Amino acid sequence: MNTSTHEDASLSLYMQEVSHTPLLSAEEEATLAQQARKGNQRALDKLITANLRLVIANARRHQGRGVALADLINEGNLALVNAARRFDPSRGIRFASFAAWWVQHAIDDAIAAQGRAVSVPPAQLSEINRINKFKADFRQQNERQPNINEIAHATNKTELSVKKTMQGSIQQHSVDAPLTKHSPVTLLDRLTDSDAQPSDSLLLRHNTARQLHHAITHLTQREQNVVRAFYGIDHPQLTFAEIGERYGFSRERARQIRKKALRHMRAHTSKQ
């Protein structure tokens with residue numbers, strides 16, 4: 001058995017073992033996270049192990065971009081460990097949702113550093129990584145992507161400079177090029193149905209939607225109306241001004257109600 005075949009077999013065995021690891025309930029996850037924050041290494045290890053499939057699923061979606069699958073998994077696993085150490089269950093979100101951003105960021109960094117078709121100067125690569133880190137942190141804190149102005153302000157750069165820097169993060173690929181040096185398989189052969197969603201994304205979306213609707217039911221009717229309208233849940237998405245006009249209060253009052261409602265939702269979710 002040559003080295004490549006041995007590595008493929010080891011990777012397959014690893015992924016098979018991970019797939020048989022039972023998932024954690026929200027209660028089990030919160031308990032382990034609380035113990036881990038107190039220095040319990042066994043609890044931390046169990047939290048990490050139960051979420052290794054998240055890394056594999058993410059890494060698989062980035063195959064064929066110049067970095068071996070095993071390397072992507074290694075980078076993602078390191079990020080998963082970092083996320084587990086930082087995770088605070090009192091914030092009211094599941095660990096998979098929290099860790100996904102860290103894992104994605106690590107895999108993006110690995111591809112940016114190793115898998116780009118055009119060489120990028122180290123200084124520019126450092127700026128790309130700094131911007132990507134800010135975007136991931138901002139999304140985690142604000143529940144949306146930052147705009148170009150916010151990125152420029154946070155990184156002390158002009159908007160034009162940010163745009164030029166991020167152009168270096170665009171990956172170039174030929175769909176007719178082999179995925180590996182000795183493989184006849186091309187990227188075109190691996191392209192999947194664009195309408196199909198990965199099973200882990202569907203599971204995460206379903207779990208998030210279930211928790212969201214459950215949390216909303218514990219709000220007052222006015223808070224429910226504002227949250228559903230602002231985020232477009234079972235309603236067309238509206239601005240604060242449009243919400244105020246619909247329900248008979250000011251734009252600022254609509255904003256205050258949404259802020260209070262989100263605080264209630266986080267408090268209720270953390271208790272679960």
Side-chain angles (χ1 to χ4, degrees), residues 10-11 13-63 67-114 129-130 132-143 145 198-212 215 265-272:
S10 298
L11 183 59
L13 179 60
Y14 168 76
M15 291 192 292
Q16 184 178 8
E17 291 176 350
V18 169
S19 68
H20 292 148
T21 304
L23 295 173
L24 300 173
S25 67
E27 293 77 11
E28 291 173 329
E29 180 178 283
T31 299
L32 289 173
Q34 290 167 357
Q35 293 174 348
R37 288 174 67 84
K38 295 178 181 178
N40 188 321
Q41 185 63 42
R42 290 186 62 185
L44 180 67
D45 291 343
K46 188 171 182 179
L47 179 63
I48 293 168
T49 302
N51 287 275
L52 289 173
R53 70 188 70 196
L54 169 69
V55 175
I56 294 175
N58 199 314
R60 275 178 163 172
R61 291 200 297 273
H62 293 81
Q63 280 183 275
V67 183
L69 177 60
D71 292 337
L72 292 179
I73 291 175
N74 286 337
E75 293 295 331
N77 284 345
L78 291 174
L80 184 69
V81 173
N82 189 24
R85 288 172 175 162
R86 293 170 176 263
F87 180 57
D88 182 0
S90 67
R91 297 184 63 183
I93 61 174
R94 291 297 300 268
F95 177 64
S97 301
F98 176 79
W101 296 104
W102 293 90
V103 172
Q104 180 65 56
H105 176 63
I107 289 177
D108 284 343
D109 276 357
I111 293 172
Q114 304 176 43
N129 292 339
R130 189 159 72 98
N132 284 336
K133 183 179 187 304
F134 167 74
K135 290 169 67 176
D137 292 343
F138 184 96
R139 176 65 180 82
Q140 183 66 40
Q141 293 293 329
N142 299 277
E143 302 175 354
Q145 294 288 0
S199 58
D200 66 303
S201 295
L202 291 173
L203 178 61
L204 180 58
R205 176 174 294 183
H206 173 74
N207 183 60
T208 302
R210 180 178 59 81
Q211 293 185 56
L212 175 62
M265 290 172 67
R266 290 191 182 101
H268 170 75
T269 305
S270 65
K271 292 177 181 178
Q272 304 307 310

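Numbers for residues simply follow the sequence, beginning at 1. Keep in mind it's a predicted model, so treat the numbers as computed, not measured.
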So, taking the atom named [atom1] in [X] and the one named [atom2] in [Y], what distance separates them when rounded to the nearest 0.5 Å?
X	Y	atom1	atom2	result
N51	K46	CG	NZ	12.0 Å
F95	L47	CZ	CG	4.5 Å
E75	L72	CD	CG	8.0 Å
T49	N77	OG1	CG	9.5 Å
F87	L32	CZ	CG	10.5 Å
D71	I107	CG	CD1	11.0 Å

With sequence neighbours excluded, residues passing side-chain hydrogen bond (donor to acceptor under 3.5 Å, both in side chains) with Q16 =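 If we apply the side-chain hydrogen bond (donor to acceptor under 3.5 Å, both in side chains) test to Q16, skipping adjacent residues, there are no hits.
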Residues in side-chain hydrogen bond (donor to acceptor under 3.5 Å, both in side chains) with H62, at least two apart?
->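 Result, side-chain hydrogen bond (donor to acceptor under 3.5 Å, both in side chains) vs H62: N58, Q104.
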Locate the shortest heavy-atom distance separating A84 from I48; write the atom from each residue and the value.
->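 For A84 versus I48, the nearest heavy atoms are CB-CG1, 3.6 Å.
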Compare every heavy atom of L80 with every heavy atom of A99, then report the nearest pair and how far apart it is.
->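 Scanning both residues completely, I find the closest heavy atoms to be CB-CD1, 3.8 Å.
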Apply side-chain contact (heavy atoms from CB on, under 4.5 Å) to E28 and list each qualifying residue two or more places apart in sequence or on a separate chain.
->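 Partners of E28 under the side-chain contact (heavy atoms from CB on, under 4.5 Å) test: L24, S25.
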Does the side chain of I73 reach to within under 4.5 Å of the side chain of Y14, using non-hydrogen atoms?
->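 With C-beta onward as the side chain, the pair touches.
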Test item: E29 and P89 side chains (from C-beta on) under 4.5 Å apart, heavy atoms =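 They are not in contact (no side-chain heavy atoms under 4.5 Å apart), so the answer is no.
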Give a yes or no on whether the backbone of L69 and the side-chain of R60 come within a donor-acceptor separation of less than 3.5 Å.
->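 Absent.
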